[in-house]
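Remember, predicted model here, so these are calculated numbers, not experimental data.
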Amino acid sequence: MPSDTTPLLPQNDREPAPKEDSHPITLRACHSSWRVISPKLLFSIRTLLASYLTSVAGVALKYKLESADDHTSWRIPFQFSTVAFVLQWIYHLLALTWTGTHTFEPSSQEQDDDSEGSSARDRIVQFFSPTHRPSNTEKFSFSMFYTVSHVFALLNALMYWTVLVPAGHGGFKPPHIPHHHHGVGNSTRIYYDPGKGLFDEDEIKSFSILNVWSITAVIAFIEMAFLNSIRRQTPVVGHVIGTMVASGLYVAWAGVGKLATDHWGLFFLDPKLMGGSTGAAVAAAFGFIFAAPVVFTYAYGLIAMRESLTAAY
């Protein structure tokens, strides 16, 4: 049995694999499947990623606040890119905290919260530590959070480059491919100079676009492939439904944003920008919801590949 400060090691080949996971998902978030990534190295990597995402959050917020738009700045919390980024950011802050306490303060986690010998310091460490014996509800809840935060990061990048940019909503001059442009008077688009490409824009704008809609997807890939030992999601059907529910909740959240700011977080949810057709906007909303389980399939396959390459944990 590995200790709290060593990587989870593969089981002996002669030993049959247990029917149930012997390590809870909360601890698997603190260990990499790859033996070359020790807990201390993992903590260092997580520190870099969390710090980087924090810096990106500040720069991206500045970019969004200064972007020309006819709507209030309160539109920002309702944009899908914001929701996807915040979920991923929270996950990495949580994973960093758990990895740190689990790696450097393993003894404090083993004490009983109510024990007389438990000091205030131990109680604080326990509060910021991963649960060693999570309930089934806690396991599924964290698994859904892990899944949705990464599916949304990948979906955000996929939609941006395949839908928003070709439709002229990417914030820079779109590539010359056949597509429909909305008129300049569209007040819900991200305004841009029609003669400037992505790398012709100012540095803050280019940095924000590349990070919020591209690098975050790369970080999601690195996390799922290298930085944890979380197994494939079970039950699969429950997670498929969960990702669809999460997408549906975002559509509802975008609807709240429309009522509060007169701005849709995604342009294709606005009937006015879909040829004045409510049916087209509804169809696009359903397409968005059903795109989530498609991206989940990719994430599930990526985790399965990592499991096959690192043996059973």
(message) Ring-plane angle category for F226 and W34, please: parallel below 30°, perpendicular beyond 60°, tilted otherwise.
(response) tilted
(message) Taking I45 as the starting point, is it possible to reach L48 by hopping between hydrophobic residues whose side chains are less than 4.5 Å apart?
(response) no
(message) Applying a strict under-4.5 Å side-chain criterion to I, L, V, M, F, W and Y, I'd like to know whether L269 and L158 cluster together.
(response) yes
(message) Side chains of W264 and P271, heavy atoms from C-beta outward: is any pair under 4.5 Å?
(response) yes
(message) Taking ring-ring contact (aromatic ring centres under 6.0 Å, His included) as the definition, give me every residue that meets it alongside W74, ordered by chain and number, with sequence neighbours left out.
(response) none
(message) I need the minimum non-hydrogen distance between A284 and M274, along with the two atoms involved.
(response) CB-CE, 4.3 Å
(message) Is there a side-chain contact between F104 and K40 in this structure, where contact means two heavy atoms from C-beta onward sitting under 4.5 Å apart?
(response) yes
(message) Are Y63 and I209 packed together at the side-chain level, in the sense that at least one heavy-atom pair is separated by less than 4.5 angstrom?
(response) yes
(request) Please examine the side chains of Y250 and F78, heavy atoms only from C-beta on, and report whether any two atoms are closer than 4.5 Å. (result) no
(request) Taking all heavy atoms of F296 and all of H239, pick out the closest pair and write down the distance. (result) CZ-CB, 3.8 Å
(message) I want to check something: taking the side chain as every heavy atom from C-beta on, are T137 and S141 in contact at a cut-off of under 4.5 Å?
(response) yes
(request) Would you please test L87 and F145 for side chain to side chain contact (heavy atoms under 4.5 Å, CB included) and show each step? (result) CA-CA 8 Å; L87 287 176; F145 172 64; 4.2 Å; yes
(request) Determine, stepwise, if the pair N211 / T216 fulfils side chain to side chain contact (heavy atoms under 4.5 Å, CB included). (result) CA-CA 6 Å; N211 279 275; T216 49; 5.7 Å; no
(request) Quick one: pull up OG in S229 and CZ in R306 and give me the separation to the nearest 0.5 Å. (result) 6.5 Å
(request) Might you point out which heavy atoms bring C30 and L42 nearest each other, and give the distance in Å? (result) O-CD2, 3.2 Å
(message) Testing R28, R46, E223 one by one against N228 for a side-chain hydrogen bond (donor to acceptor under 3.5 Å, both in side chains), which residue passes?
(response) E223
(request) For V56 and F85, run side chain to side chain contact (heavy atoms under 4.5 Å, CB included): C-alpha distance rounded to whole Å, both residues' side-chain angles, the deciding distance at 0.1 Å, then the answer. (result) CA-CA 10 Å; V56 169; F85 182 88; 3.7 Å; yes
(message) Among residues at least two apart in sequence or on other chains, which ones pass ring-ring contact (aromatic ring centres under 6.0 Å, His included) with Y91?
(response) Y146, H150
(message) Restricting to non-hydrogen atoms, name the atom on P130 and the atom on T101 that form the minimum distance, rounded to 0.1 Å.
(response) CD-OG1, 3.8 Å
(request) Could you grab the distance from atom CE of M305 to atom CE of M224, nearest 0.5 Å is fine? (result) 10.0 Å
(message) Which Ile, Leu, Val, Met, Phe, Trp or Tyr residues join F128 in one cluster when any pair of side-chain heavy atoms under 4.5 Å counts as a link?
(response) I124, F127
(request) Enter the distance from T131:OG1 to K139:NZ here, rounded to the nearest 0.5 Å. (result) 11.0 Å
(message) Do F290 and M244 make a side-chain contact, defined as non-hydrogen atoms from C-beta onward lying under 4.5 Å apart?
(response) yes
(request) Count the heavy atoms of every other residue, nucleotide or ligand shown that sit under 6.0 Å from OH of Y52, and state whether that count exceeds 12. (result) yes
(request) Starting from the C-alpha separation in whole Å, work towards a yes-or-no answer on side chain to side chain contact (heavy atoms under 4.5 Å, CB included) for F288 and M159. (result) CA-CA 9 Å; F288 169 76; M159 283 199 316; 3.5 Å; yes
(request) May I ask you to check whether W89 and T54 show a side-chain donor-acceptor distance below 3.5 Å? (result) yes
(request) Determine whether I222 and I303 fall in the same hydrophobic cluster, where Ile, Leu, Val, Met, Phe, Trp and Tyr are linked whenever their side-chain heavy atoms lie under 4.5 Å apart. (result) yes
(message) Could you measure the distance from the CZ atom of F140 to the OG atom of S135? Nearest 0.5 Å is fine.
(response) 12.5 Å
(message) N156: which residues meet the side-chain hydrogen bond (donor to acceptor under 3.5 Å, both in side chains) condition with it, sequence neighbours left out?
(response) W213
(message) So which atom in T99 and which in P39 form the shortest heavy-atom distance, rounded to 0.1 Å?
(response) CG2-O, 4.2 Å
(message) F152: which residues meet the ring-ring contact (aromatic ring centres under 6.0 Å, His included) condition with it, sequence neighbours left out?
(response) F80
(request) Supply the atom-to-atom distance I37 CD1 to S44 OG, rounded to the nearest 0.5 angstrom. (result) 11.5 Å
(message) For a quick check under 3.5 Å, do K64 and T82 share a side-chain donor-acceptor pair by atom type?
(response) yes
(request) Could you verify whether a donor N or O on one side chain and an acceptor N or O on the other, from Q233 and S143, lie under 3.5 Å apart? (result) no
(message) Could you measure the distance from the CD1 atom of I219 to the NE2 atom of H92? Nearest 0.5 Å is fine.
(response) 6.0 Å
(request) Each residue besides V294 in its hydrophobic cluster should be listed here, by chain and number; the cluster joins Ile, Leu, Val, Met, Phe, Trp and Tyr at side-chain heavy-atom distances under 4.5 Å. (result) none
(message) How close do A254 and G265 get, counting heavy atoms only, and between which atoms?
(response) CB-N, 4.4 Å
(request) Kindly say whether the aromatic ring centers of H31 and H102 come within a distance under 6.0 Å. (result) yes
